[in-house]
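Keep in mind that this is a model prediction, so the values were computed, not measured.
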Amino acid sequence: MIAIDEVAYDNFANCINLWKFQTDINNPNILLIGRFHGDEPEGEYILEKLIEKLKTDKFTSSYNIYIVPCLNPSGKKLFTRGNSNEVDLNRNYPTKNFLPDSVNPHTKKLSSGTPASEQETRNMMTWVEKISPVRILSIHSDLHLVDYDGPARQLAEKMSLDCGYKLVDNIGYPTNGSFGTWAGIEKQIPVITLETWKAESDEDFEKIYCETEKAIFNFCELA
């Protein structure tokens, strides 16, 4: 069964959908997240394609699969990294290493807000507490690599092998207040960050999906 399990909202009353593919009530749960950053549409594209495939009900899995295709609808509308408050949602989590500014050598300086100041962040924190996922996949774009946080090294190695993306232990700059730090390092949930390359055309989006499909199917143990 695949259906919208919950609808949450951001600070600007935009819908954030949480989809659920339930295989067995006793199975553990996993979570997949796309579009933390509004100018990174690749993750949403991949997860929307996955949802359409799961709707056919031809798949089995040892997990119940939860999917948030787009966590940042206001940033999507503006096509900006941050949301409409100009806050980087992937630096807004109340971690021990939180900083007020997002440090990223590839983008302009952006505010991190205050810890969990954004509704999108609070929605995700609530969902993680409710779902209790045993593994999480967050899909970003531009860096073309696989990264991980928490006890996820073996999962990351498998994903890297399946999609052919380079595996790194860190991305080379601080990620204070990130979702991976909050969920992976501090809560000890295995978190994989799949960073695709930047799509410039419809053909690029489809190519990215095709080269990552096996890795995502294996992450979800779909058969």
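- Taking the ring axis of Phe219 as reference, the NZ or CZ atom of Arg135 stays within 45° of it and closer than 6.0 Å to the ring centre.
- Residues Asn92 and Ser112 have side chains not in contact (no heavy-atom distance under 4.5 Å, counting atoms from C-beta outward).
- The side-chain heavy atoms of Ile16 and Tyr9, taken from C-beta on, include no pair separated by under 4.5 Å.
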Note to self: Walk me through whether Asp101 and Lys109 qualify under salt bridge (charged side-chain N to carboxylate O under 4.0 Å, His left out).
What the structure shows: CA-CA 7 Å; Asp101 293 315; Lys109 185 176 179 180; 3.4 Å; yes

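- Checking Met124, Lys76, Glu44 one by one against Leu71, the side chain to side chain contact (heavy atoms under 4.5 Å, CB included) holds for a single residue, Met124.
- Between Met125 and Ala116, the closest heavy-atom pair is SD-CB, 4.0 Å.
- Between the side chain of Asn170 and the main chain of Gly172, a donor-acceptor pair closer than 3.5 Å is present.
- The OG atom of Ser102 sits 5.5 Å away from atom CG of Leu110, with the distance rounded to the nearest 0.5 Å.
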Notebook entry, point to check: What's the verdict on side-chain contact (heavy atoms from CB on, under 4.5 Å) for Tyr66 and Gln22, showing C-alpha distance, side-chain angles and the deciding distance?
Noted result: CA-CA 8 Å; Tyr66 288 83; Gln22 183 169 311; 5.7 Å; no

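- How far CD1 of Ile67 is from CG of Leu54: 5.5 Å, rounded to the nearest 0.5 Å.
- No side-chain N or O of Thr196 forms a donor-acceptor pair with one of Glu42 less than 3.5 Å apart.
- Looking at Glu86, its side chain never comes within 3.5 Å of a backbone N or O of Asn83 through a donor-acceptor pair.
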Note to self: Is there a side-chain contact (heavy atoms from CB on, under 4.5 Å) between Glu129 and Thr126? Walk through the geometry before answering.
What the structure shows: CA-CA 5 Å; Glu129 294 297 332; Thr126 297; 5.8 Å; no

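- Here the rule is salt bridge (charged side-chain N to carboxylate O under 4.0 Å, His left out) with Glu40, and of Arg35, Lys198, Arg81 only Arg81 fits it.
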Next item on the list: List the steps and the verdict of side-chain hydrogen bond (donor to acceptor under 3.5 Å, both in side chains) for Glu48 and Trp19.
Entry: CA-CA 10 Å; Glu48 291 286 4; Trp19 289 80; 5.4 Å; no

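- The closest side-chain heavy-atom distance from Thr193 to Tyr148 is not below 4.5 Å.
- In plain terms, the two heavy atoms of Pro41 and Phe205 that are nearest each other are CG-CZ, 3.7 Å.
- Contact annotation: the side chain of Thr95 never approaches that of Asn176 to less than 4.5 Å [non-hydrogen atoms, C-beta and beyond].
- A salt bridge does not link Glu6 with Lys20: none of the charged nitrogens is closer than 4.0 Å to a carboxylate oxygen.
- Between Phe21 and Tyr63, a ring centre-to-centre spacing not shorter than 6.0 Å is recorded.
- Smallest separation of non-hydrogen atoms from Ser61 and Cys220: OG-O, 2.6 Å.
- Screening Asn29, Thr23, Asp24 against Asn27 for a side chain to side chain donor-acceptor pair (under 3.5 Å) leaves a single residue, Thr23.
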Next item on the list: Check step by step if side-chain contact (heavy atoms from CB on, under 4.5 Å) holds for Ser178 and Tyr93.
Entry: CA-CA 6 Å; Ser178 70; Tyr93 285 81; over 6 Å; no

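- In summary, Lys53 and Glu213 engage in a salt bridge, as defined by a charged side-chain N under 4.0 Å from a carboxylate O.
- No donor-acceptor distance shorter than 3.5 angstrom exists from the side chain of Asn17 to the backbone of Val7, with no hydrogens or angles considered.
- Between Asn90 and His37 there is a side-chain heavy-atom pair separated by less than 4.5 Å.
- Here the side chains of Leu47 and Leu50 are in contact, with some heavy-atom distance below 4.5 Å.
- Of the possible donor and acceptor atoms, one in the side chain of Thr212 sits under 3.5 Å from a partner among the backbone N and O of Ile208.
- Using a distance-only test at 3.5 Å, with no hydrogens or angles considered, no donor-acceptor pair links the side chain of Asn14 to the main chain of Asp10.
- The shortest distance between side-chain heavy atoms of Arg122 and Asn11 falls below 4.5 Å.
- Of the possible polar contacts, none joining the Glu118 side chain to the Gly113 backbone as a donor-acceptor pair under 3.5 Å is found.
- Here the closest non-hydrogen pair linking Glu195 and Ser141 is OE1-O, 2.8 Å.
- Between Arg91 and Leu99 there is no side-chain heavy-atom pair separated by less than 4.5 Å.
- Under the 30°/60° scheme for interplanar angles, the aromatic rings of Phe36 and Phe179 are found to be tilted.
- Salt bridge annotation for Glu157-Arg153: present, with a cationic side-chain nitrogen under 4.0 angstrom from a carboxylate oxygen.
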Next item on the list: Start with the C-alpha gap between Ile189 and Val128, add the side-chain angles, then the distance that decides, and say whether side-chain contact (heavy atoms from CB on, under 4.5 Å) holds.
Entry: CA-CA 10 Å; Ile189 303 168; Val128 169; 3.9 Å; yes

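- Using a 4.0 Å cut-off between a side-chain N of Lys or Arg and a carboxylate O of Asp or Glu, Lys49 and Glu52 do not qualify as a salt bridge.
- How far CG of Leu32 is from OG of Ser138: 9.5 Å, rounded to the nearest 0.5 Å.
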